[in-house]
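Convention: sequence-line order gives letters A, B, ...; per-chain numbering from 1. Atoms considered below: every heavy atom in the structure, side chains included; atoms not considered: hydrogens, waters and symmetry mates.
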Amino acid sequence: MSWRGSVWGCLPNFYTGERNYSHNSPSEFYSSLGSEGFSIGDTSGTDEEDTDSAILYGTLRGSIVGLRYYTGVVNNNEMVALQREPNNPYDKNAVKVNNVNGDQVGHIKKELAAALAGIMDNKLAVVEGVVPYGAKNVFTMPVQMSFWGREENKEAVLDQLKMHGFKLAPPLKVELATEYGFGSKWISGKNGPTYSAPVHAAVHLTAEQLKSEFDKLFEDLKEDDKTCEMEGAEAVGTLLLPHQKQALAWMVSRENSNDLPPFWEERNNFYYNILTNFAVKERPKNVLGGILADDMGLGKTLTTIALILTNFQDGKPLPVEKITTTSCVIPEDKGFGSVLVASPTPLKRKTKRKGTASIQSAEKKYSEDNPRTTLIICPLSVLSNWIDQFEQHTSQDFHLNVYIYYGSDRNKDPAILSDQDVVLTTYNILATDYGVSKYDSPLHKIKWLRIVLDEGHTIRNPNAQQTKAVLSLEAHRRWVLTGTPIQNSVKDLWSLISFLKLKPFTDREWWHRTIQRPVTMGTPGGLRRLQSLIKSITLRRTKTSKVKGKPILELPERKVLIQHVTLTEEERQVYQSVKKEGKAAINRFFSEGTVLAHYADILGVLLRLRQLCCHPHLCTNTSSSFSAGNNTPEELRQMLVTKMKLVLSSGSDEECAVCLESLTLPVITHCAHVFCKPCIYEVIRSEQPNASCPLCRNELRVEHLVECPLEEELDSSNGKKDDQEWISSSKINALMHALIELRKENPTTKCLVVSQFTTFLSLIENPLKKSGFAFTRLDGSMAQKKRVEAIQCFQSSQAGSPTIMLLSLKAGGVGLNLTAASRVFLMDPAWNPAAEDQCFDRCHRLGQKYNVIITKFIVKDSVEENMLKIQNKKRELAAGAFATKKPSASEIKQTKINEIKALIDL
DNA sequence: ACCGCCGGGTGCC
DNA sequence: ACCGCCGGGTGCC
């Protein structure tokens with residue numbers, strides 16, 4: 001059985017190269033020193049990227065002075081933050097001391113500050129403080145400091161301190177117990193033995209142990225208060241499943257609750273944070289929201305829509321309005337599958353709700369303090385899914401304004417936006433507005449009723465512009481939807497927790513000191529702490545979870561069959577001659593050592609072979625000449641870039657060598673390699689000022705990158721070649737045979753016929769027509785309206801409705817629902833098995849009534865068979881460990897080279 | 001007395 | 001700060 005349901009998603013998000021922080025903000029400081037998630041037992045240590053785990057150098061007692069002048073107060077044993085203040089007019093070495101709330105307590109005494117300044121500025125160590133006693137002093141108070149840093153900086157730090165006459169004491173003083181999470185048990189042994197601190201950050205757990213530890217995080221989440229059910233309001237036009245009613249009850253109770261946030265306790269009229277020992281008089285606010293982390297396919301979107309309609313205002317549902325206007329305005333001219341963010345296609349919409357006295361009076365209930373609008377932010381790929389689902393699940397009698405804030409003509413008037421019930425937008429639009437001007441960004445001018453982050457893990461990189469844009473939005477209620485809350489390590493959680501505005505974790509330092517480090521260092525209780533945090537704000541069910549003893553989803557079986565296809569003599573001849581030529585060229589590249597320089601050539605060869613396995617007419621537009629001969633290097637380069645574009649425009653689902661997944665927003669480098677735009681930008685950012693290509697180490701510059709729209713964004717209709725007479729192919733014959741057999745068996749069975757190559761789909765149309773099949777088609781080039789039509793048409797159970805859908809592999813987002821089909825014919829294998837799985841899930845999901853049979857057509861003795869082998873290797877890799885070591889640039893290269901060899905039988 | 005000592009003024013960095 | 005430190009006032013016993 002194929003692996004899908006793991007909590008930890010598939011491959012980790014790889015970064016190449018070390019980050020280089022040049023700013024002074026404490027949060028960046030922390031991120032630069034934070035340990036790299038869980039390090040797995042293998043610590044060969046040769047990898048320079050693996051060294052940013054911090055160890056404790058030792059501790060030092062100092063004093064905080066100038067308390068008179070500041071308002072920040074602390075308690076005994078409370079954590080404090082030390083922050084450099086290089087612009088202090090009295091002392092350029094000044095070090096501020098702040099309490100957990102960020103209020104200044106005082107300064108570090110100047111002699112000590114002089115010693116710390118250099119250490120802190122050069123990021124040799126992170127210095128953390130706890131006030132052990134004397135917190136009520138008037139003028140000065142003591143501070144116990146811990147110095148954390150990389151092993152290799154330890155000497156330098158000790159030297160610096162020595163120069164100023166300071167010496168570190170051995171780690172772990174009793175006063176610091178709370179830092180380590182030992183609690184009172186530790187302190188109680190007054191004259192007991194002394195313990196030495198854990199010095200090394202490495203946790204000696206196997207990958208399996210770690211995974212099971214992580215899985216425990218989400219255990220028991222289904223119990224106690226999370227099993228109540230709640231019916232959706234009348235406005236929810238769809239019956240909710242039991243587990244969705246549970247989620248709704250939980251979400252509504254979270255939004256209306258007045259509980260204290262996790263780790264806070266009330267003690268004699270004060271509220272204490274038991275992690276930092278910080279106290280406040282005002283009751284800290286809990287997040288009115290949380291993380292809905294259900295597995296894919298359990299209906300997070302529907303549940304969220306139900307929440308919006310059911311807990312609309314003051315705990316009451318959306319009122320009935322006797323007005324009937326179109327609820328959603330769907331863009332007519334262009335689909336959402338497009339990911340061209342730089343030049344968004346204008347979407348048509350109407351501005352509604354002008355006039356009508358009754359509505360105006362209704363609007364008066366809403367104001368700055370009492371907003372009405374929910375903002376939903378999602379990746380572009382699922383935007384259309386949200387629109388569909390709003391349409392599907394809102395009852396006819398109710399009217400919900402949904403405004404799609406997308407496209408170059410989006411309405412930026414905050415007054416209009418805050419007058420909607422729902423504003424839907426994408427992370428990219430949000431980040432673009434914010435990038436233009438933080439202050440003019442319309443979405444940042446509004447205080448929202450509720451913000452929903454869909455696929456919330458997209459903001460897991462705290463330094464990404466879109467994360468910053470998301471974190472600076474204002475809202476009363478906040479939700480994160482994600483199927484994979486932790487992709488790679490605990491680090492991934494910070495952005496989400498910070499978005500939820502859970503104090504004190506919004507500040508990176510407190511998150512790091514109280515949760516991340518205890519967890520990564522394996523401090524007793526660290527994981528328990530994280531678990532208790534997650535438990536209090538998260539609801540997660542997997543596909544195998546049960547409600548009242550019954551499985552949440554009873555999905556029918558899914559079988560994958562491989563149907564071998566033998567080429568005809570004629571096809572085989574063409575194939576062999578192209579292969580021979582290609583193999584000779586690739587052999588030459590190997591002997592010249594220019595394999596990676598000719599990457600585009602090689603992809604071109606492989607593409608032609610893959611196309612020939614499908615149909616001889618597919619590769620007529622791809623030139624077979626190799627870039628060599630009498631061309632200048634510049635001409636050669638141009639040819640390679642052109643070739644790469646041609647490969648990409650064929651529809652081939654190529655992958656990015658950095659993230660190892662299907663390309664998103666492909667860009668071609670100067671050296672004719674292709675990567676995801678975000679991946680390569682990350683490489684450039686981390687290797688500045690001089691970055692080099694992960695595949696060939698050539699110079700890498702932003703201004704040389706060429707964006708390359710995928711085939712999906714191109715109009716395929718004008719790519720049809722009418723001048724060629726239609727002929728069949730072995731694969732088409734195999735498909736038609738299967739389809740006709742199937743029709744004999746059961747004429748109502750519906751099928752998906754999937755290919756990466758839309759021209760192949762076009763070629764298949766011909767025999768379908770001849771054999772009298774009713775079919776429809778869905779590919780990336782279709783306008784949104786046509787897609788909706790095609791999907792509705794196909795999903796219909798009416799007699800005479802199409803039984804076949806021609807589907808391009810990557811069409812539509814994860815939400816695309818094609819459950820009417822119970823058979824899938826995959827005409828050509830993809831590099832990335834995950835892309836195939838995602839495609840199969842379009843019919844093998846909630847709502848599927850029959851067992852699903854998937855047939856993969858694979859040509860015998862061809863590149864396709866070799867692709868299957870590579871796919872299997874990738875599956876093993878993805879299932880094996882969730883935190884595989886980051887491959888270095890040279891490993892990326894070697895993997896690619898091995899793949900090429902395997903593919904062309906070298 | 002280019003000292004010591006006294007006692008008032010004063011106080012982060 | 002019930003300290004230290006500074007700098008002015010002062011000066012045998």
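Distance OH (Tyr69(A)) to P (dA1(C)): 16 Å, rounded to an integer number of Å. When the P atom of dC13(B) is taken as reference, atom CD1 of Ile64(A) falls 13 Å away, rounded to whole Å. When rounded to the nearest whole Å, the span between CG of Asn137(A) and P of dA1(C) equals 9 Å. The interatomic distance linking Asn93(A) (CG) with dC13(B) (P) rounds to 12 Å, in whole Å. Between the CG atom of Leu67(A) and the P atom of dA1(C) there is a distance of 13 Å, rounded to whole Å.
With no hydrogens or angles considered, a side-chain donor-acceptor pair links Tyr405(A) and Asp433(A) at under 3.5 Å. Side chains of Asn99(A) and Asn101(A): a donor-acceptor N/O pair is absent below 3.5 angstrom, by distance only.
Residue Phe139(A) and nucleotide dA1(C) are classified as a stacked aromatic pair, their ring centres being separated by less than 5.5 Å at an interplanar angle below 30°. Between the side-chain ring of Tyr90(A) and the base of dC12(B), no stacking contact exists by the 5.5 Å and 30° definition.
Judged by atom type and distance alone, Asn88(A) reaches the base of dC13(B) through a side-chain donor-acceptor pair under 3.5 Å. Side-chain to base pairing of Tyr70(A) with dC12(B): one donor and one acceptor N or O lie within less than 3.5 Å of each other.
Partners of Arg254(A) by side chain to side chain donor-acceptor pair (under 3.5 Å), not counting sequence neighbours: none found. Partners of Gln466(A) by side chain to side chain donor-acceptor pair (under 3.5 Å), not counting sequence neighbours: none found. Listed by chain and number, the residues in a side-chain contact (heavy atoms from CB on, under 4.5 Å) with Tyr271(A) are Leu260(A), Trp264(A), Glu266(A), Val280(A), Arg283(A), Pro284(A) (sequence neighbours excluded).
Straight-line distance between the C1' atoms of dC5(B) and dA1(B): roughly 12 Å, to the nearest whole Å. Nucleotides dC13(C) and dC2(B) place their C1' atoms 25 Å apart, quoted to the nearest Å.
Pair assignment for dC13(C) gives none, since no Watson-Crick or G-U wobble pairing has each distance under 3.5 Å.
Among residue pairs with one or both ends in residues 64-117 of chain A, those qualifying as ring pair (Phe, Tyr, Trp, His ring centres under 6.0 Å) are Tyr70(A)-His107(A); sequence neighbours excluded. Listed by first then second residue, pairs satisfying ring pair (Phe, Tyr, Trp, His ring centres under 6.0 Å) with a partner in residues 513-536 of chain A number zero, not counting sequence neighbours.
The stretch residues 107-117 of chain A touches DNA chain B through His107(A), Ile108(A), Lys109(A), Lys110(A), each having a heavy atom under 4.0 angstrom from the strand.
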